[in-house]
Amino acid sequence: MTNAPDQWPLWEVFVRTKRGLNHQHTGSLYAADAKMALENARDLYTRRQEGISIWVVPATDITASSPEDEGSFFEPAEDKVYRHPTFYPVPDGVENL
Amino acid sequence: MTKKIDTDSSRFELLTRLGDNVLIMGHRLSEWSGDAPTLEEDMALSNIALDLIGQARLWLTAAVMEEGAGRTEDDLAYQRDVRDWHNLHLVELPNGDFGRTMLRQYFFDAYHLLLLEGLSKGCDREISGIAAKSLKEVRYHLRHSSGWVVRLGDGTQESHNRMVNALEICTPCVPELFEVDEVYRSLEARDLVPAMNDLQAQWERQVHAVLSEATLSMPEITNPMSGGRVGLHSEHLGYLLAEMQFLQRAYPGATW
């Protein structure tokens, strides 16, 4: 392998495995443009029938939360057990819940 | 070669030609495995090689069934010498650089797609079935190779020059694609295969359009290749077979 891919942008690949399911992040690849990224994604990530739909997104267009923010972003949810449906007892006689 | 009496030799010949083309093309592409310009492309070429080798199995299996002499697809693949191979010169051309491989592939894919479309509408159910199954794969191959021809032809000065060079090497193999011999004529008459004149016209129109987009043009052909379908090959095929057949030649009947 040469260094050529270093000059191509990085793309993130999302594959939907079945109709009705969400696209899930499956990996990344290098490609010169969106068309090539889609074709490369097809060859790299769906060769064993893993998908029926592919999204490719330039990695530079993704805004990610930073690890330093982990505390303020995620920890406050830890003691909010009442946000889980299992926190509430289901009254007798309630249907379709 | 032993044959049963009522073997349809032109049908056997057609199946062998179809199988030989894709097997040799697939083997050539497999030579890129682990060696392609990028990891992504390495996978793409290996996938396409596997598609073609899979198609070769279908054609060659149908061929030995037609022959009815007890041979297997592997016998055809691994036991035949150069003169018994009936593939086109184009598919045995060495890979050269990536640009040449892509141009060769594009010429072949464009031809292959038209041929399979024609075969899939033919009146032989087994042949039309295999052709229809292969078509989906080949549409993708064509998309891949034509994309690269445009990218490289209309790319940098370096890539453009390499494509011009590739055209010089690949173009002499083009007239052979459309050669019609007695076998093909008899198959045409029975509606088993597409009319070669129409196929050629379509191929030239499509290739012209893609080459224009790639800022390339077909050079004049001064030294056309010929005769692959009747076993006349370039020196390259012998080397390819030596590698491809090595194991079965060294250890006849080996399985694992």
Side-chain angles (χ1 to χ4, degrees), chain A residues 1-70, chain B residues 26 29-55 95-99 101-102 105-106 109 113 133 136-160 162-163 210 213-214:
Chain A
M1 306 293 151
T2 67
N3 291 326
D6 293 347
Q7 294 150 27
W8 287 345
L10 185 68
W11 299 74
E12 299 299 333
V13 181
F14 300 78
V15 173
R16 178 160 71 181
T17 51
K18 264 195 255 176
R19 213 166 286 287
L21 295 183
N22 297 322
H23 285 76
Q24 293 222 346
H25 185 239
T26 44
S28 53
L29 52 80
Y30 291 98
D33 58 26
K35 180 172 174 279
M36 192 197 279
L38 210 47
E39 290 176 11
N40 285 346
R42 179 260 194 195
D43 282 327
L44 288 168
Y45 295 112
T46 64
R47 60 201 299 269
R48 298 184 187 88
Q49 294 185 299
E50 292 94 335
I52 55 156
S53 168
I54 302 172
W55 290 348
V56 288
V57 180
T60 50
D61 283 358
I62 291 177
T63 309
S65 63
S66 70
E68 302 93 77
D69 292 337
E70 205 179 338
Chain B
L29 284 179
S30 77
E31 293 171 1
W32 276 106
S33 293
D35 209 22
T38 68
L39 182 63
E40 289 81 354
E41 199 52 38
D42 207 283
M43 293 287 288
L45 292 178
S46 300
N47 282 348
I48 294 168
L50 284 170
D51 285 348
L52 293 174
I53 292 166
Q55 293 171 17
N95 287 334
D97 59 21
F98 181 73
T101 295
M102 281 303 106
Q105 196 62 34
Y106 172 61
D109 291 342
L113 184 74
K133 186 174 185 323
K136 280 184 192 163
E137 295 172 343
V138 174
R139 281 205 185 90
Y140 188 81
H141 303 169
L142 179 62
R143 189 170 146 167
H144 174 262
S145 60
S146 62
W148 272 111
V149 167
V150 172
R151 239 174 241 289
L152 295 171
D154 191 20
T156 64
Q157 191 59 48
E158 170 76 13
S159 70
H160 180 84
R162 282 174 183 250
M163 292 311 274
V210 167
E213 197 185 340

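In what follows, chains carry the letters A, B, and so on, assigned in the order in which the sequence lines appear, proteins first and then strands, with residues in each chain numbered from 1.
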Chemist: Step through the shown structure and confirm whether more than 12 heavy atoms of other residues, nucleotides or ligands are within 6.0 Å of CZ on B/R139.
Modeler: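 Yes, because the 6.0 Å sphere around CZ of B/R139 holds more than 12 heavy atoms from other groups.
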Chemist: If a pair satisfies side-chain hydrogen bond (donor to acceptor under 3.5 Å, both in side chains) and one of its residues is in residues 13-22 of chain A, list it, with sequence neighbours excluded.
Modeler: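 Sorted pair list comes back empty.
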Chemist: Check each atom of B/I48 against the heavy atoms of chain A and say whether the ones under 4.5 Å are side chain, backbone, both or neither.
Modeler: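 Neither part, no heavy atoms under 4.5 Å.
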Chemist: Name each donor-acceptor pair under 3.5 Å that joins a side chain in residues 54-61 of chain A to protein atoms two or more places apart or in another chain, with its distance.
Modeler:
residue : atom : partner : partner atom : Å
A/W55   : NE1  : A/H23   : NE2          : 3.3

Chemist: Under 4.5 Å, heavy atom to heavy atom: which of residues 145-156 of chain B reach chain A? Give them by number, or say none.
Modeler: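 The residues closer than 4.5 Å to chain A, in numerical order, are B/G147, B/W148, B/R151.
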Chemist: Where along residues 33-52 of chain A does a heavy atom come under 4.5 Å of chain B, listed by residue number?
Modeler: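 Listed by number: A/D33, A/K35, A/M36, A/E39, A/N40, A/R42, A/D43, A/L44, A/R47.
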